[in-house]
Structures are given as structure tokens and as C-alpha cells.
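Everything on this sheet refers to the single structure shown next.
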Amino acid sequence: MFTIVTNPDIFYDDYLPVRIVSREPQIQEIRFSLQPLLEQKKPSPIWIHGEPGSGKTSTVKFILKELEEVGVKGIYINCWEFNSFYSVIDKITEGLLAPKSSRSGYYKFHLFENYTRKRPVVLILDEADKNRDIAKLIYHLSDLRIGMVYISCSLYTLYSLETRSKSRFNGIFIEFKPYNIQDLIEILKERAKFGLHPGTWTLKLLEEIARLSKGDARIAIQTLKNAGDRADHEGAPKISLKYARLGFGRAKSLRKTYRLKKLTDHHRTIYELVKKNPGIISGELWSKYSKCRKPVARRTFTLYLTQLINLGLIRSERARGRSRTFRV
Ligand SMILES: Nc1ncnc2c1ncn2[C@@H]1O[C@H](COP(=O)(O)OP(=O)(O)O)[C@@H](O)[C@H]1O
Ligand SMILES: [Mg+2]
């Protein structure tokens with residue numbers, strides 16, 4: 001049967017592209033910074049920052065693969081999943097110890113330290129800002145002779161650390177700026193060539209998607225996939241511009257889920273409460289929230305609420321008097 005989307009795998013977020021488009025300067029800089037590792041020296045740590053969808057994770061994974069081919073041990077950890085000092089140390093030493101070993105975190109840390117004396121290691125802490133013990137991690141990992149790469153959406157996490165850990169970092173910063181339209185077209189072209197039936201897409205379609213996506217490669221790729229699915233669903237022979245717009249709408253709502261996934265449990269609780277109670281006023285929201293498990297202080301609650309509004313996840317409207325109402 002004829003389908004437009006011939007290879008859906010190519011559009012998944014964890015698909016590692018064969019070619020990283022237009023990130024050559026960053027790739028060179030990361031490669032160069034990690035080079036000392038191959039001469040048994042300690043490289044400076046790297047702090048990569050940039051908006052979601054700017055290619056941070058894929059670029060670093062791409063370099064990691066290269067390094068593994070020359071004998072470097074690569075360890076990739078997403079701090080969203082491993083969000084404390086000990087869970088990171090556990091994950092690092094997973095393969096070095098008997099499974100479910102009950103040895104202490106410090107014992108494991110020293111075990112890892114010994115390991116790094118024997119073999120070059122690159123450790124990547126992705127979404128570093130999501131680790132609640134990031135200061136402690138930076139502090140202790142700075143002692144080791146390993147290649148350290150932290151990835152985060154901003155520099156803020158590092159700036160907000162206590163001076164002790166901040167001054168320990170002493171590394172280099174690499175920024176990933178949002179892509180321009182031409183970059184996004186190139187990225188999309190690769191996916192279209194390998195994932196869509198020939199003749200079902202045009203350069204004009206990719207241009208339109210690139211324009212809508214505002215620098216975010218994740219959104220662009222998702223939009224293209226959604227547009228293809230939609231056209232398939234309607235039995236269309238090719239992806240017209242109409243499908244690009246429909247696909248973008250869906251990709252944007254996906255971005256919402258993605259953003260929400262990146263927030264703390266407290267943000268999520270607040271969001272869920274607003275979702276369940278459309279039009280709820282601030283006082284009521286606080287009163288419901290404060291009954292949840294281990295609530296944060298009211299000031300922090302207000303800060304989280306403002307962050308959710310700024311991210312476009314919650315809308316706020318003026319109500320009678322001085323109160324405001326909220327809905328998602
Ligand atoms: N330069 C690039 N070349 C090819 N694909 C890319 C590039 N940058 C990002 N992508 C793709 O876009 C999506 C999001 O990229 P990712 O590296 O996860 O971004 P970030 O970690 O900055 O949020 C992934 O599917 C990735 O494969
Ligand atoms: Mg990422």
C-alpha cells in the first residue's frame with residue numbers, strides 16, 4: 001500500500017542523525033576541549049547551553065560515539081531521570097559493581113575514581129539543571145580526570161550555585177543558538193529524503209515548516225512527521241501546505257507536554273490543579289495546592305505559577321476585584 005511516511009523511526013526524538021547539520025563550530029570546539037583526554041590529561045569541563053531543539057543532546061551524543069570508537073568510555077546520563085547525587089553515582093557505577101550492590105555512595109564514587117585512572121572517560125550530564133544536587137556533583141566531579149560535559153537550557157543553573165561549586169567549575173561555555181530557517185530546511189531535507197516517499201514533499205513545504213518552527217529542530221521534525229501522517233490519514237497523494245499548518249498545531253501542543261515534563265513535580269501539581277479547575281482564583285489554587293504532599297512555601301508557589309504563565313502553559317485573566325483566574 002502507498003504511504004507518504006515510509007520510515008517513521010527517522011522522526012523519533014532519540015534517532016541519532018548520521019549528519020549533524022550546521023553545528024561544525026560547536027563540534028570542533030567540543031572535540032578540541034576533550035582532546036587532552038586522549039593524552040592522559042584532564043580536559044576543562046564544558047557547559048553547553050541553548051534553547052530546546054537547538055541540537056545540544058544530538059551533537060554531544062554524536063561526539064561521544066566518535067570518542068567511543070577510539071577507546072574512550074562514554075557515560076550519558078539524563079538528570080531528568082537521575083535527579084540526585086546518589087542516583088547519578090549509582091548509574092555511573094552500574095556496570096562496575098555487582099547488580100544492586102548496597103555499598104555506600106562514597107564507596108561507589110571512589111570506585112569510579114579508580115576506574116578513571118585506568119581508562120579515559122567522558123561523562124555527560126544532560127538536563128543538568130534538573131538534578132537537585134548539581135552543586136554537589138560539580139564540586140566532586142571536578143576532582144576527577146575525566147571529560148565532563150554539562151548540558152542545560154541556560155547558564156542560570158551555574159550562576160545560581162553557591163560560590164564553592166561555581167568556582168570549582170572553571171570550564172568553558174558553548175552556546176547553541178536557535179537554528180535559522182536555512183539550517184532547519186537542511187535538517188528537514190535529510191529526514192524527508194530518508195523518511196518520506198519521493199515526490200510527496202517539496203522544498204516549499206520544508207520552507208513553510210522551517211518558518212513556523214522558529215529555530216526549534218524538534219518542532220520542525222515533529223511538524224513534518226505530523227503533516228505526513230495527516231496526509232496519509234486523508235489518503236492525499238502528497239503533503240500540501242495545509243498539512244504543514246495542521247501538523248504544526250499538533251507539534252506545538254506536544255511542545256507543551258515536553259515543557260511540562262521538564263518542570264518540577266510542584267509545577268506539575270499546580271498545572272494539574274488548574275487543568276482540573278478551570279477559572280480557579282489564586283487564593284483557592286493556593287489553598288488546594290498547600291494540601292498536597294510537602295508543598296513549597298507560598299512565595300515559591302507564586303514563582304512557579306508565574307513560570308507556568310510565562311511558558312504559556314497556564315493563562316491568567318483578571319477577575320473581579322484584585323484576584324486573577326487561571327486556566328490551561
Ligand atoms: N544539527 C542537527 N542536524 C540534524 N538533526 C538535528 C540537528 N539538531 C537537532 N536535530 C534533531 O532535532 C531534534 C531535537 O534535537 P536535540 O539534540 O534533542 O535538541 P536539544 O537537546 O537542544 O533539545 C532531534 O530529533 C535531533 O535529531
Ligand atoms: Mg536535549
Side-chain angles (χ1 to χ4, degrees), residues 5 7-31 46-66 74-83 88 122-131 134 149-157 173-196 206 209-229 247-248 250-252 254-263 311:
V5 182
N7 189 357
D9 290 353
I10 288 238
F11 300 93
Y12 287 142
D13 211 44
D14 52 5
Y15 168 81
L16 194 59
V18 197
R19 191 164 77 88
I20 299 285
V21 176
S22 86
R23 285 297 187 211
E24 206 43 46
Q26 287 83 357
I27 293 180
Q28 293 292 4
E29 201 173 348
I30 300 168
R31 265 196 203 126
I46 305 171
W47 188 278
I48 292 178
H49 59 106
E51 295 278 311
S54 58
K56 303 179 298 296
T57 301
S58 350
T59 302
V60 171
K61 281 191 169 169
F62 180 82
I63 296 169
L64 193 63
K65 214 169 124 198
E66 259 181 16
I75 305 172
Y76 172 89
I77 295 179
N78 190 314
C79 293
W80 177 255
E81 213 180 326
F82 301 94
N83 61 4
V88 167
V122 171
L123 173 60
I124 295 161
L125 293 184
D126 201 351
E127 320 230 18
D129 45 310
K130 294 298 173 301
N131 195 298
I134 191 65
V149 184
Y150 299 92
I151 306 178
S152 161
C153 52
S154 73
L155 285 172
Y156 176 74
T157 315
F173 300 97
I174 302 179
E175 185 181 3
F176 278 54
K177 289 220 163 65
Y179 290 112
N180 63 33
I181 293 191
Q182 211 46 49
D183 298 333
L184 287 181
I185 294 176
E186 283 308 308
I187 292 173
L188 287 171
K189 227 195 268 172
E190 296 277 312
R191 310 288 160 131
K193 266 196 257 171
F194 298 106
L196 302 178
L206 306 189
I209 295 177
R211 199 183 53 76
L212 290 168
S213 308
K214 301 216 164 55
D216 185 329
R218 180 175 291 108
I219 293 284
I221 294 169
Q222 268 311 309
T223 300
L224 181 59
K225 165 77 164 40
N226 296 342
D229 283 344
F248 176 66
R250 235 182 84 73
K252 252 192 2 197
L254 266 179
R255 172 155 59 182
K256 251 190 191 182
T257 332
Y258 185 78
R259 280 188 175 161
L260 202 56
K261 206 182 89 184
K262 290 185 166 299
L263 297 169
L311 282 169

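Since we're looking at a predicted model, the values are computed, not measured. Ligands are counted one by one from 1 in listed order, and the atoms in each one are counted from 1 as well. When a residue number appears, it is its place in the shown sequence, counting from 1. Values below: all heavy atoms of this structure, side chains included; hydrogens, waters and symmetry mates excluded.
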Could you tell me whether ligand 1 has any atom less than 4.0 Å away from a heavy atom of R19?
-> yes

shortest atom 19 (O) of ligand 1-to-protein heavy-atom contact is with G55 N, 3.2 Å

When you measure from atom 8 (N) of ligand 1 to every protein heavy atom, which one gives the shortest distance, and what is it?
-> Y179 OH, 2.7 Å

for atom 5 (N) of ligand 1, nearest protein heavy atom and its distance come out as R191 NH2, 3.0 Å

If you have a sec, work out which protein heavy atom is nearest atom 18 (O) of ligand 1 and how many Å separate them, to one decimal?
-> R218 NH2, 2.9 Å

State whether the side chain of D183 and the backbone N or O of N180 hold a donor-acceptor pair below 3.5 Å, judged by distance alone.
-> yes

Checking Y179 side chain against D216 main chain: does a donor-acceptor pair fall under 3.5 Å?
-> no

Out of A217, P178, A220, whose heavy atom is nearest to atom 12 (O) of ligand 1?
-> A217

Where's the contact between S54 and ligand 1, heavy-atom distance under 4.0 Å: side chain, backbone, both or neither?
-> both

Atom OG1 of T57 and atom CZ of F176: how far apart are they, to the nearest 0.5 Å?
-> 9.0 Å

In terms of residue, atom name and distance, what is the protein heavy atom nearest to atom 15 (O) of ligand 1?
-> S58 OG, 3.5 Å

To the nearest 0.1 Å, how far is atom 22 (O) of ligand 1 from its closest protein heavy atom, and which atom is that?
-> K56 NZ, 2.7 Å

Do side-chain atoms of K130 reach the backbone of S152 as a donor and acceptor pair under 3.5 angstrom?
-> no

Where on E51 is there a heavy atom closer than 4.0 Å to ligand 1, on the side chain, on the backbone, on both, or on neither?
-> backbone

Sole residue of I10, L224, D229 in side-chain contact (heavy atoms from CB on, under 4.5 Å) with V5 | D229

Shortest non-hydrogen contact from N78 to W80?
-> OD1-N, 2.8 Å

Counting from 1, what ligand 1 atoms have a heavy atom of Y15 closer than 4.0 Å?
-> 27 (O)

Would you name the heavy atoms of F11 and L196 that are closest together and state the gap between them?
-> CZ-CD2, 3.8 Å

Of all heavy-atom pairs linking K65 and L16, the shortest is CD-CD2, 3.9 Å

When every non-hydrogen atom of K177 is compared with those of R23, the smallest separation belongs to O-NH2, 2.6 Å

Counting each atom of ligand 1 from 1 as listed, which ones have a heavy atom of I20 under 4.0 Å away?
-> 1 (N), 3 (N)

Shortest protein heavy-atom distance from atom 3 (N) of ligand 1, along with the residue and atom involved | V21 N, 3.0 Å

Distance (rounded to the nearest 0.5 Å) between R191 CZ and L206 CG = 12.5 Å

Measuring from S213:OG to I185:CD1, what's the distance to the nearest 0.5 Å?
-> 10.5 Å

Roughly how far, to the nearest 0.5 Å, is CG of D126 from CD1 of I151?
-> 4.0 Å

Given that the side chain starts at C-beta and the backbone is N, CA, C, O, which of these parts of I187 lies under 4.0 Å from ligand 1, counting heavy atoms, or is it both or neither?
-> side chain

If you measure from CG on L64 to CD1 on I124, what distance do you get to the nearest 0.5 Å?
-> 4.0 Å

Can you list the atoms of ligand 1 that are under 4.0 Å from a heavy atom of P52?
-> 23 (O)

Between T157 and W47, the two heavy atoms sitting closest are CB-CZ2, 4.0 Å

Take the Mg ion (ligand 2) as the centre and count protein N, O or S atoms at distances under 2.8 Å.
-> 1

At what distance, to the nearest 0.5 angstrom, does OH of Y76 lie from NZ of K61?
-> 4.5 Å

Any atoms of ligand 1 less than 4.0 Å from a non-hydrogen atom of T57? List them with their elements.
-> 17 (O), 18 (O), 21 (O)

How does I221 reach ligand 1, if at all, at less than 4.0 Å between non-hydrogen atoms: by side chain, backbone, both, or neither?
-> side chain

Nearest-contact summary for atom 23 (O) of ligand 1 - protein heavy atom, Å | G53 N, 2.8 Å

